[in-house]
> 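Just passing along the structure, written as structure tokens.
Since the structure is predicted, the reported quantities are computational estimates derived from the model, not experimental observations.
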Amino acid sequence: MVALLNPPQSPFELACATEVFGTVPQDEPPRYSFRICAEHPGPLQTTAGYAMLVDAGLEALEQADTVVVPGWQPPGTPVPSTVTAALRAAHRRGARIVAICTGAFVLAQAGLLDGRRATTHWRDTARLAAAFPEVRMDQDVLFVDHGDVATSAGTGAGIDLCLHLVRSDHGAAYATQIARNMVLPPHREGSQLQYAAQPAPAKADQSLAPVMEWATSRLDTRLTLAHLAEHAGLSGRTLARRFAEQLGTSPGQWLLGKRIDAARVLLEQTDLPVEAIATRVGLTSAVNLRRRFRAHLGTTPGAYRRTFSQT
């Protein structure tokens with residue numbers, strides 16, 4: 001895996017990729033090799049005022065299985081033809097091309113987003129849409145993953161995309177280990193909103209954390225909106241509104257995502273029958289679990305287990 005840098009490089013966007021792909025959890029073998037490159041190797045200025053040393057040029061992309069563009073400053077500035085050509089060549093060879101935040105402008109200039117959904121930081125979506133009308137801009141999501149090409153919204157959404165890619169490559173349990181090391185929630189769906197509908201911060205007594213923790217510890221039970229609202233001491237309508245404002249999703253969709261995540265971990269780490277796993281995560285039956293898996297992940301529990309089983 002190679003991160004393609006450009007001056008002035010944002011250290012935060014680079015750190016998103018470095019922390020997820022370049023850090024190995026304790027007692028785990030390395031799953032990725034991570035390095036950086038730039039069009040011109042040598043000292044490279046950052047937006048933080050210091051320079052970092054880049055020891056590899058564009059030739060590093062020739063062997064990369066994944067190329068990450070961790071932002072591009074200023075967004076929308078012309079990208080050198082040598083860079084876009086190197087990205088297109090890597091993509092033709094089968095490399096996965098990933099843009100964090102304003103890195104989407106680079107992929108768009110390379111023609112890799114033509115006719116495809118993509119996203120970037122919400123403040124830059126209008127600019128990207130105007131400059132590249134052939135790109136189907138989606139300003140309301142955290143990330144978009146096409147398999148061979150992926151883009152994320154700004155700052156923290158880059159971490160969400162990187163964790164999503166780890167989950168796709170190595171399973172939910174390994175991705176959760178990395179998230180735990182980073183003291184982050186293990187999973188936010190790409191379809192979640194980039195920012196709350198009401199930007200004012202929630203008051204302490206409006207925090208969803210207690211009811212979310214309570215529900216996550218009871219996935220094997222029947223949980224309805226009424227159950228969640230009763231535990232939170234709210235009406236169902238108020239709870240649904242707070243989920244929409246703070247998470248960009250409904251309580252039911254959030255809960256379904258938690259059940260599927262728990263099923264993925266059990267498929268990876270146990271030999272339990274699919275029927276037993278469905279019961280443990282509150283999806284009732286193997287038929288329902290298979291249907292939900294197919295809808296959310298495009299695969300079956302059995303195929304997922306064969307790919308990611310650690311037993």
Side-chain angles (χ1 to χ4, degrees), residues 1-5 11-37 52 54-56 59-71 87 90-91 93-101 103 107 142-152 156-190 257-258 260-271 293 296-311:
M1 178 170 296
V2 176
L4 173 60
L5 311 187
F12 183 87
E13 274 74 21
L14 174 58
C16 292
T18 304
E19 284 296 311
V20 174
F21 300 117
T23 302
V24 181
Q26 188 175 4
D27 301 324
E28 287 283 350
R31 308 292 177 96
Y32 300 97
S33 61
F34 186 84
R35 63 185 305 198
I36 59 176
C37 77
M52 64 177 70
V54 181
D55 61 359
E59 69 280 356
L61 304 187
E62 297 172 4
Q63 303 299 321
D65 55 6
T66 298
V67 178
V68 180
V69 183
L87 286 172
H91 183 256
R93 183 175 49 78
R96 176 173 59 189
I97 313 297
V98 178
I100 296 175
C101 194
L107 273 59
L142 295 179
F143 58 82
V144 178
D145 179 18
H146 294 286
D148 60 325
V149 172
T151 55
S152 87
I159 300 175
D160 294 309
L161 173 56
C162 292
L163 288 172
H164 161 78
L165 296 176
V166 172
R167 193 175 297 106
S168 299
D169 293 345
H170 299 293
Y174 184 71
T176 298
Q177 279 189 278
I178 294 175
R180 186 179 297 116
N181 285 348
M182 298 174 70
V183 198
L184 290 171
H187 188 197
R188 290 200 298 172
E189 291 287 351
K258 290 298 179 183
I260 292 173
D261 283 348
R264 292 170 73 169
V265 172
L266 290 172
L267 287 166
E268 294 169 22
Q269 298 185 340
T270 75
D271 293 322
F293 243 69
H296 280 72
L297 303 175
T299 189
T300 65
Y304 184 89
R305 171 172 269 165
R306 286 191 294 273
T307 302
F308 295 114
S309 176
Q310 299 174 18
T311 59

> From Asp160 CG over to Leu165 CG, what is the distance, rounded to the nearest 0.5 angstrom?
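It comes to 11.0 Å.
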> Which heavy atom in Cys162 sits nearest to a heavy atom in Ala17, and how many Å separate them?
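Scanning both residues completely, I find the closest heavy atoms to be SG-CA, 4.1 Å.
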> Looking at side-chain heavy atoms only, is the closest gap between Leu267 and Ser309 below 4.5 Å?
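No, side chains not in contact.
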> With distance as the sole test, does Arg93 use its side chain to make a donor-acceptor pair with the main-chain N or O of Leu61 at under 3.5 Å?
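Yes, Arg93 side chain to Leu61 backbone: donor-acceptor pair under 3.5 Å.
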> What orientation do Phe34 and Phe21 show, parallel under 30°, tilted 30 to 60°, or perpendicular over 60°?
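Taking Phe21 first and then Phe34, their aromatic rings lie parallel (interplane angle under 30°).
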> Determine whether a donor-acceptor pair (N or O, by modelled atom type, separation under 3.5 Å) exists between the side chain of Gln177 and the backbone of Pro25.
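Pair absent, no side-chain N/O of Gln177 close to backbone of Pro25.
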> How long is the span from the CD1 atom in Ile159 to the CZ atom in Phe12, to the nearest 0.5 Å?
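Ile159 CD1 to Phe12 CZ: 4.5 Å, rounded to 0.5 Å.
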> Tyr174 vs His170 aromatic rings, parallel, tilted or perpendicular, using cut-offs 30° and 60°?
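It falls in the perpendicular class, over 60°.
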> With rounding to the nearest 0.5 angstrom, report the CG to CD distance, Asn181 to Glu19.
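Atom-to-atom, Asn181:CG and Glu19:CD are 9.0 Å apart.
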> Show the numbers, then the answer: is there a side-chain contact (heavy atoms from CB on, under 4.5 Å) between Leu4 and Leu87?
CA-CA 10 Å; Leu4 173 60; Leu87 286 172; 4.1 Å; yes
> Identify the two heavy atoms, one from Asp55 and one from Ile36, that lie closest to each other, and give their separation to 0.1 Å.
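That would be OD1-O, 4.0 Å.
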> Just wondering, do Tyr32 and Val20 contact through their side chains at under 4.5 Å, heavy atoms?
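Not in contact.
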> OG1/Thr176 to CG/Leu163 distance, rounded to the nearest 0.5 angstrom?
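The OG1 atom of Thr176 sits 8.5 Å away from the CG atom of Leu163.
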> Which atoms form the tightest heavy-atom contact between Arg305 and Asp271, and what is the distance?
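Where Arg305 meets Asp271 most closely, the heavy atoms are NH2-C, 3.8 Å.
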> Tell me, with the steps shown, if His164 and Leu142 meet side-chain contact (heavy atoms from CB on, under 4.5 Å).
CA-CA 11 Å; His164 161 78; Leu142 295 179; over 6 Å; no
> Measure across Val2 and Ala60 and return the closest heavy-atom pair with its distance rounded to 0.1 Å.
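Heavy atoms of Val2 and Ala60 come nearest at CG2-O, 3.8 Å.
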> Kindly say whether Ala172 contributes a backbone atom to a donor-acceptor pair with the side chain of Glu268 at under 3.5 angstrom?
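Flag set: sc Glu268 to bb Ala172 pair under 3.5 Å.
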> Find out whether Met182 and Thr23 are in side-chain contact, i.e. whether some heavy atom of one side chain is under 4.5 Å from a heavy atom of the other.
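A side-chain contact under 4.5 Å is absent here.
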> Taking atom OG1 of Thr300 and atom CZ of Phe293, what is their separation to the nearest 0.5 Å?
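With rounding to 0.5 Å, OG1 (Thr300) is 8.5 Å from CZ (Phe293).
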> Does the side chain of Asp169 reach to within under 4.5 Å of the side chain of Arg96, using non-hydrogen atoms?
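Yes - at least one pair of side-chain heavy atoms lies under 4.5 Å apart.
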> Start with the C-alpha gap between Arg167 and Asp145, add the side-chain angles, then the distance that decides, and say whether salt bridge (Lys or Arg N to Asp or Glu O under 4.0 Å) holds.
CA-CA 12 Å; Arg167 193 175 297 106; Asp145 179 18; over 6 Å; no
> What's the shortest heavy-atom distance between Phe308 and Ser168, and which atoms?
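Phe308 and Ser168 have their closest heavy atoms at CZ-O, 3.1 Å.
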> Hey, could you give me the SG/CG distance between Cys101 and Leu161, rounded to the nearest 0.5 Å?
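Rounded to the nearest 0.5 Å, the SG-CG separation comes out at 11.5 Å.
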> How far apart are the closest heavy atoms of Ile100 and Gly158, and which atoms are they?
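Minimum heavy-atom separation between Ile100 and Gly158: CG2-CA, 3.8 Å.
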> For residues Val166 and Arg31, determine if any side-chain heavy atom of one lies less than 4.5 Å from a side-chain heavy atom of the other.
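No, every pair of side-chain atoms sits at 4.5 Å or beyond.
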> Quick check on Gln63: does its CD atom have over 12 non-hydrogen neighbours (other residues, nucleotides or ligands) under 6.0 Å away?
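Not more than 12 within 6.0 Å, no.
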